[in-house]
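All chains are named by letter (A, B, ...) in the order of the sequence lines, taking the proteins before the strands, and each is independently numbered beginning at 1. Only heavy atoms go into these numbers, but all of them, side chains included; no hydrogens, no water, no symmetry mates.
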Protein chains: 2
Amino acid sequence: MARAGLTADRVTLAGAELADEAGLDQVTMSQVARRLGVKDASLYTHVRGLEDLRGRIALLAADEKTLRIAEATAGRSGKDALVAFADAWREYAHAHPGRYTATQLPIRIDPELAANAPGPRRAVELTYGMLRGYGLAEPDLTDAVRLLRSTFHGFVALEAAGGFGHERSPQDSWVRALDALHTLLEHWPPSREGDSA
Amino acid sequence: MARAGLTADRVTLAGAELADEAGLDQVTMSQVARRLGVKDASLYTHVRGLEDLRGRIALLAADEKTLRIAEATAGRSGKDALVAFADAWREYAHAHPGRYTATQLPIRIDPELAANAPGPRRAVELTYGMLRGYGLAEPDLTDAVRLLRSTFHGFVALEAAGGFGHERSPQDSWVRALDALHTLLEHWPPSREGDSA
DNA sequence: TTGCTGTTCCTAGGGGCTCTAGGTTAAACC
DNA sequence: GGTTTAACCTAGAGCCCCTAGGAACAGCAA
């Protein structure tokens with residue numbers, strides 16, 4: 001019987017494709033094995049188990065998303081960069097819903113695996129770089145980064161969960177949200193003393 | 001053998017408790033049945049299946065969250081209301097992580113069940129009510145609501161997923177984010193023509 | 001060509017899960 | 001007390017994850 005020529009990466013990719021097509025919860029060892037024309041037990045040579053596979057998909061997605069954002073924001077600054085960043089984020093989530101939901105999993109990723117992934121550090125660099133033009137200093141910079149990531153992720157997540165009614169197109173709200181965030185960054189409120197509610 | 005006295009609500013509550021203690025993915029028919037001292041097949045009298053149970057947990061969580069927010073914002077306005085609203089949201093997510101993640105599920109809830117739930121409509125009313133003081137008109141109002149919900153949900157979700165490093169406390173970033181959102185609402189940017197990128 | 005080695009992929013099987021079908025038995029009403 | 005209506009049960013099919021151990025292929029050496 002001919003070998004299937006599997007590797008951890010090929011298994012991960014098959015899982016990622018399945019996640020996008022059928023939803024992350026349909027990503028099972030059996031389904032992935034079936035898609036690869038192989039028995040499920042064979043996957044355990046390449047991947048530690050289901051949890052490990054999901055973690056690898058999450059890592060793959062994070063890397064891909066970061067790459068898209070890097071390409072989109074290259075050479076841009078100010079609001080251009082902000083919009084390019086945000087649109088790339090949202091478009092990745094739309095194009096790869098299963099992969100994207102994998103990134104939402106509580107981090108239970110093999111640390112050794114994560115250490116080799118370029119994604120996280122690169123993502124942080126990109127975000128801080130995008131905000132450079134707004135002239136924020138720490139800790140406002142960190143707070144702004146967190147606010148932006150929260151908004152991008154939250155918007156995409158609510159959109160995917162069907163959280164927006166049909167009255168107004170999400171796209172229009174998205175554009176306005178980016179407008180709003182831009183003006184917010186330009187007029188970031190000064191920190192006041194005694195704030196720790 | 002004495003009856004256990006189950007109802008759909010009691011089954012849902014047991015599932016919700018289990019979700020908070022062990023994570024939503026540990027909410028299985030078998031586990032919930034075990035917790036109730038009953039065989040798993042017995043649950044199907046009260047609940048259509050696992051998907052239905054998860055939907056019910058999501059609905060319960062939405063109602064509870066809305067109630068907390070209503071209590072927190074009662075009698076407040078302006079930034080007070082905004083902060084109370086947001087804090088109640090985040091505190092609910094912290095207190096009931098399993099229930100909260102259930103609300104993130106793509107809506108696959110029994111429509112008949114959802115129709116009887118007071119949550120969604122009430123939540124919308126509350127949010128619009130909170131924004132009344134800022135003097136926004138449609139469609140800006142809808143856009144602002146969506147932005148706020150996105151940010152609240154996104155922040156909580158990233159926080160739960162371990163998405164924030166350890167450099168700065170999430171609490172501090174949260175307080176500053178609310179400051180920022182408040183000033184943003186006070187200076188909501190006017191809509192410009194030709195915006196539809 | 002033959003034999004050796006390491007890895008890939010297999011079969012077999014245990015245990016947990018969801019859900020259905022159909023039987024009992026407890027509670028509720030006449 | 002008898003009848004009816006449900007709640008709860010046992011039994012079982014089918015799918016899932018994962019482990020243990022066997023078979024077969026690829027590469028290399030002699």
Under a 4.0 Å heavy-atom cut-off, which of residues 6-20 of chain A touch DNA chain C?
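Nucleic-acid contacts, sorted: A/L6.
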
Rounded to the Å, how far apart are [X] [atom1] and [N] [atom2]?
X     : N      : atom1 : atom2 : result
A/R54 : D/dC18 : CZ    : C1'   : 15 Å
A/Y44 : C/dA12 : OH    : C1'   : 15 Å
B/R48 : C/dT20 : CZ    : C1'   : 15 Å
A/L36 : C/dC9  : CG    : P     : 10 Å

Which nucleotide, [options], lies nearest any side-chain atom of [X]?
X     : options                : answer
B/H46 : C/dC9, D/dC8, C/dC10   : D/dC8
A/M29 : D/dC16, D/dA7, D/dC17  : D/dC17
A/K39 : C/dT11, C/dC9, D/dC17  : C/dT11
A/A41 : C/dC10, C/dT8, D/dC17  : C/dC10
A/T28 : D/dC16, D/dC18, C/dT18 : D/dC16
B/S42 : C/dC19, D/dT10, D/dC8  : D/dC8

Under a 4.0 Å N-O cut-off, is there an ion pair linking [X] with [Y]?
X      : Y      : answer
B/D179 : B/R176 : yes
B/D52  : B/R56  : yes
A/E91  : A/R68  : no
B/E125 : B/R122 : yes

Parallel, tilted or perpendicular: ring planes of B/F152 versus B/W89, cut at 30 and 60 degrees:
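Perpendicular.
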
N/O-N/O pairs, protein side and nucleotides 12-15 of chain D side, under 3.5 Å:
none

Which pair of non-hydrogen atoms, one from B/G15 and one from B/V27, has the smallest distance, and what is that distance?
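The pair with the smallest heavy-atom distance is O-CG2, 3.5 Å.
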
Within the 6.0 Å centroid threshold, strictly below: B/Y100 and B/H94
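Between B/H94 and B/Y100, which both carry aromatic rings, the centre distance is not below 6.0 Å.
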
State whether a side-chain donor-acceptor pair under 3.5 Å links B/S173 with A/R146.
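Yes, side-chain donor-acceptor contact under 3.5 Å.
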
Go through B/T151 and A/T151 one step at a time and tell me if the side-chain hydrogen bond (donor to acceptor under 3.5 Å, both in side chains) criterion holds.
CA-CA 4 Å; B/T151 307; A/T151 307; 3.0 Å; yes

